[in-house]
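Working notes, structure below.
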Amino acid sequence: MITDLTEGKPSKILWSFSIPMLLSVVFQQLYNIVDSIVAGKFVGAQALAAVGASYPITMIFMAIATGANVGAAVIISQLFGAKNFEKLKTSVFTSIISMTVLAAILTIFGIVFCSGMLKMLSTPENIFSDSMTYLNIYIGGLIFLFLYNICTGIFTAMGDSKTPLYFLIMSSVGNIILDLVFVIVFNMGVAGVGWATFIAQGISSLLAFAVLLKRVHGIKSGTYKKFSIRMLGHISRIAIPSILQQSFVSVGNLFIQSRVNSFGSDVIAGYSAAIKLNTFAITSFSTLGNAMSSYTAQNTGARKLLRIPEGLKAGIVMLIVVSLPFFIAYFVFPNTMMNIFVKSSEAGIIDVGRIFLKIVTPFYFVISAKLTFDGILRGAGRMRAFMASTFTDLLLRVILAYVFSYALNSEVGIWLSWPVGWTIATVISAVFYFIYYKTTIKNGAN
């Protein structure tokens, strides 16, 4: 299942590589949504609120896991492209050991400061206990979260996007079954939702780890180190900016949520539903950007730099094709999409979500282009350019959300910050890519 992204027609190989990753997004979203549905439908509104109150904190841990995973994946992709299998194996085991240690440190941190973090977010007293229960179980499973992320990242870095999909399907189905059993049959409430995720993710991560070990040991190579400080330094050079980027996005969203909260419960509810739809779309686009990272990294390692512009053309076409269904569904049928989350009688809530979707969705084609450029910059190791573009987008959206909403005295000002931030950041990403093209790709071909 390992795919060499340095050979074959870029458009064909990118589609083949990316489709399993897109399917993984669907199951990942299902994974998240089912927890909320089960909590809300079978336990009650307070249980749903308790899980939701923990969400900003869990996203910080997820951001660190994802950022560290990206750092390892880029280095491993480059080594795989260069066919340097000794260093590849060193990078794999160095990544796994480092991620395990990081997970252990964060677990201790989370257990000690769990209560303080919930209080910092002004979690209401009536859901505080359930929020603590859910968050403690989640933190206890951080080792599985980090192990699963690093394993799937390594599979993808070596051109295998199908194996992570199989494990995600297994984990999602297991989570759904365990959710229903623990909550409905054993009446475990919020704890049941937490333990379902813990067990499903735990089993999936251990199986993924076992398969990865077998796969890596099957690659013929000379002697290699099981851990290298120097290799950790190479990985950290990519991973630390990626962790900061992911974490800053999560923190930035907290500020935006705070401004949304000031407009009352209908706006909060409408935004909550619309942002879930928006997250589904953006996660899909980001996944294709990650595919571009692996493609670029492998071809950079193989010194086949002229394949990168070909990949860019194929990547933009792919993202337009993927953006179109989201645009049609959200822009043309916003009320129908909002009815998934709320009753049609909730006209005020639906109207808030409808306006958000109408403003944001036409710019999906813009943000998808940005994520294509970003994927190439990250895969090529151009982390300063990648960080500059990402932080520009985030800072503009946070600042403009406040400026526009105060100027218009309406939540619509917050929604307008998305297209403005995306457009400016896309231009910056495009400029950085063309600088990279002129100074590295074009020169490398001459």
Find out whether [X] and [Y] are in side-chain contact, i.e. whether some heavy atom of one side chain is under 4.5 Å from a heavy atom of the other.
X: F209; Y: I96; value: yes
X: K438; Y: Y433; value: no
X: M170; Y: Y166; value: no
X: L319; Y: F365; value: no
X: L147; Y: M99; value: no
X: S95; Y: I235; value: yes
X: W418; Y: L400; value: no
X: S11; Y: V317; value: no

Report task. Please lay out, stage by stage, how M231 and I75 fare under the test side-chain contact (heavy atoms from CB on, under 4.5 Å). Result -> CA-CA 9 Å; M231 182 61 70; I75 297 300; 4.0 Å; yes
How about [X] and [Y]: are their ring centres within less than 6.0 Å of each other?
X: Y364; Y: F331; result: no
X: F432; Y: F373; result: no
X: W415; Y: F404; result: no

Backbone N/O of [Y] and side chain of [X]: donor-acceptor pair under 3.5 Å:
X: T107; Y: A103; answer: yes
X: S405; Y: A401; answer: yes
X: S417; Y: I414; answer: yes
X: N278; Y: A274; answer: no
X: K220; Y: F85; answer: no
X: S171; Y: F167; answer: no
X: N175; Y: T197; answer: yes
X: S205; Y: G202; answer: yes

Report task. Indicate yes or no: does K304 engage E7 in a salt bridge with an N to O separation below 4.0 Å. Result ->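 Result for this pair is yes, salt bridge flagged.
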Report task. Just do the side-chain contact (heavy atoms from CB on, under 4.5 Å) check on K370 and W422 with the steps written out, would you? Result -> CA-CA 8 Å; K370 176 191 182 301; W422 283 350; 5.7 Å; no
Query raised in the report: Name the one of Y330, F285, F326 that satisfies ring-ring contact (aromatic ring centres under 6.0 Å, His included) with F280?
Result: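 Exactly one candidate clears the test, F326.
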Query raised in the report: Between I199 and F144, is a side-chain contact (heavy atoms from CB on, under 4.5 Å) present by the stated rule, with each step listed?
Result: CA-CA 9 Å; I199 294 171; F144 298 131; over 6 Å; no
Query - Residue list, side chain to side chain donor-acceptor pair (under 3.5 Å) with E86, at least two apart or on another chain - result: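 Expected list: none.
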Query raised in the report: Which heavy-atom pair separates P419 from I359 by the least distance, and what is that distance?
Result: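 Here P419 and I359 meet closest at CG-CG2, 4.0 Å.
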Query raised in the report: Between R378 and T296, do the side chains contain an N or O donor and an N or O acceptor separated by less than 3.5 Å?
Result: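 Side-chain D/A pair, R378 to T296: absent.
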Report task. Would you list the pairs meeting salt bridge (charged side-chain N to carboxylate O under 4.0 Å, His left out) in which at least one residue belongs to residues 307-336, sequence neighbours left out? Result ->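 Every candidate salt bridge (charged side-chain N to carboxylate O under 4.0 Å, His left out) pair involving residues 307-336 fails, so no pair, neighbours aside, qualifies.
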Query raised in the report: What do you reckon, is NZ of K83 surrounded by more than 12 foreign heavy atoms closer than 6.0 Å?
Result: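 Atom NZ in K83 is packed in, count exceeds 12.
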Query - K89 atom NZ, over 12 foreign heavy atoms within 6.0 Å - result: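 It does: K89 NZ has more than 12 such atoms within range.
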Query raised in the report: By ring-ring contact (aromatic ring centres under 6.0 Å, His included), which residues pair with Y148, not counting sequence neighbours?
Result: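 Here no residue qualifies.
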